[in-house]
Amino acid sequence: TSEIEKEIVTKNQHFRRGDITQQMIRSTEVRKKYKNEANPPHDNQAMLQPGDVVVGNDAFGKYKNELQVVLEPHQDSHKNRVGRII
């Protein structure tokens, strides 16, 4: 986990986005705040499982640095796994 990802996760208040999806919980305000911060891909090849905390990496376009909590298993190389909620 990079320093910018640690800051995104721990130094910000997160709110679930209003357009609720079944696949993930999205906290989008951080992507605006950190839009100019680099976030190279890492830990992004495994199947994501419910409870995984992910942050969009540089390859995720406008979703870069958005924090998400996985609700349904899926795989997406645009998301770096940074933690897990047990």
Side-chain angles (χ1 to χ4, degrees):
T1 304
S2 70
E3 290 303 314
I4 196 67
E5 290 168 331
K6 289 177 188 176
E7 184 174 325
I8 289 169
V9 172
T10 64
K11 306 280 187 204
N12 292 278
Q13 182 71 41
H14 295 280
F15 299 93
R16 187 172 191 176
R17 187 178 164 102
D19 60 339
I20 295 174
T21 69
Q22 293 200 1
Q23 190 177 37
M24 69 201 75
I25 296 170
R26 297 176 60 202
S27 177
T28 59
E29 289 303 311
V30 288
R31 80 177 192 217
K32 298 172 193 172
K33 182 176 179 181
Y34 297 96
K35 68 180 178 182
N36 295 321
E37 300 293 331
N39 190 7
H42 68 83
D43 298 309
N44 63 347
Q45 297 302 313
M47 180 70 75
L48 298 171
Q49 298 298 323
D52 284 346
V53 178
V54 298
V55 175
N57 62 44
D58 289 340
F60 210 5
K62 70 178 186 177
Y63 303 105
K64 178 179 86 169
N65 291 328
E66 177 175 300
L67 181 133
Q68 300 178 352
V69 178
V70 176
L71 298 176
E72 292 183 350
H74 67 281
Q75 191 169 13
D76 190 338
S77 64
H78 298 107
K79 301 173 184 178
N80 296 342
R81 182 173 174 217
V82 297
R84 178 156 178 72
I85 300 170
I86 299 175

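Side-chain atoms are counted along with the backbone in the values below, which use heavy atoms only and exclude waters and symmetry mates.
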Determine whether a donor-acceptor pair (N or O, by modelled atom type, separation under 3.5 Å) exists between the side chain of H74 and the backbone of E72. yes

Does V9 share a hydrophobic cluster with I85, counting links as ILVMFWY side-chain heavy atoms below 4.5 Å and allowing steps through other members? yes

Begin from the C-alpha positions of E7 and Y34 and carry the test side-chain contact (heavy atoms from CB on, under 4.5 Å) through to its verdict. CA-CA 10 Å; E7 184 174 325; Y34 297 96; 2.9 Å; yes

Would you call K79 and M24 a side-chain contact if the rule is heavy atoms closer than 4.5 Å? yes

Let me see the working for E29 and K32 under side-chain contact (heavy atoms from CB on, under 4.5 Å), right down to the final yes or no. CA-CA 5 Å; E29 289 303 311; K32 298 172 193 172; 3.1 Å; yes

Check: R26 and Y63 side chains under 4.5 Å, non-hydrogen atoms: yes

Say you draw a straight line from CD of Q49 to CG of L71; how long is it, rounded to the nearest 0.5 Å? 12.0 Å

Checking V53, L48, I25 against V70 for side chain to side chain contact (heavy atoms under 4.5 Å, CB included), the one that qualifies is L48

Could you pull out the closest heavy-atom pair between A38 and P40, with the gap in Å? C-CD, 3.9 Å

If only side-chain N and O atoms count, and only distance matters, is there a donor-acceptor pair under 3.5 Å linking N80 with E5? yes

Rounded to the nearest 0.5 Å, the OG atom of S27 sits from the CD atom of Q68 at a distance of 9.5 Å

Heavy atoms only: give me the nearest M47-P73 pair and the separation to one decimal. SD-C, 4.2 Å

Under 4.5 Å between side-chain heavy atoms, hopping through other hydrophobics if needed: is there a path connecting V30 to V69? yes

Atom CG in N65, atom CD1 in I8: separation rounded to 0.5 Å? 4.0 Å

Between V82, N39, N57, V55, which is the residue that forms a side chain to side chain contact (heavy atoms under 4.5 Å, CB included) with S2? N39

Taking all heavy atoms of S77 and all of Q45, pick out the closest pair and write down the distance. CB-NE2, 4.0 Å

Look at the side chain of K64 and the backbone N and O of K35, then say whether any donor-acceptor pair between them is shorter than 3.5 Å. yes

Which residue pairs satisfy the salt bridge (charged side-chain N to carboxylate O under 4.0 Å, His left out) criterion with at least one member in residues 37-55, sequence neighbours excluded? D52-R81, D52-R84

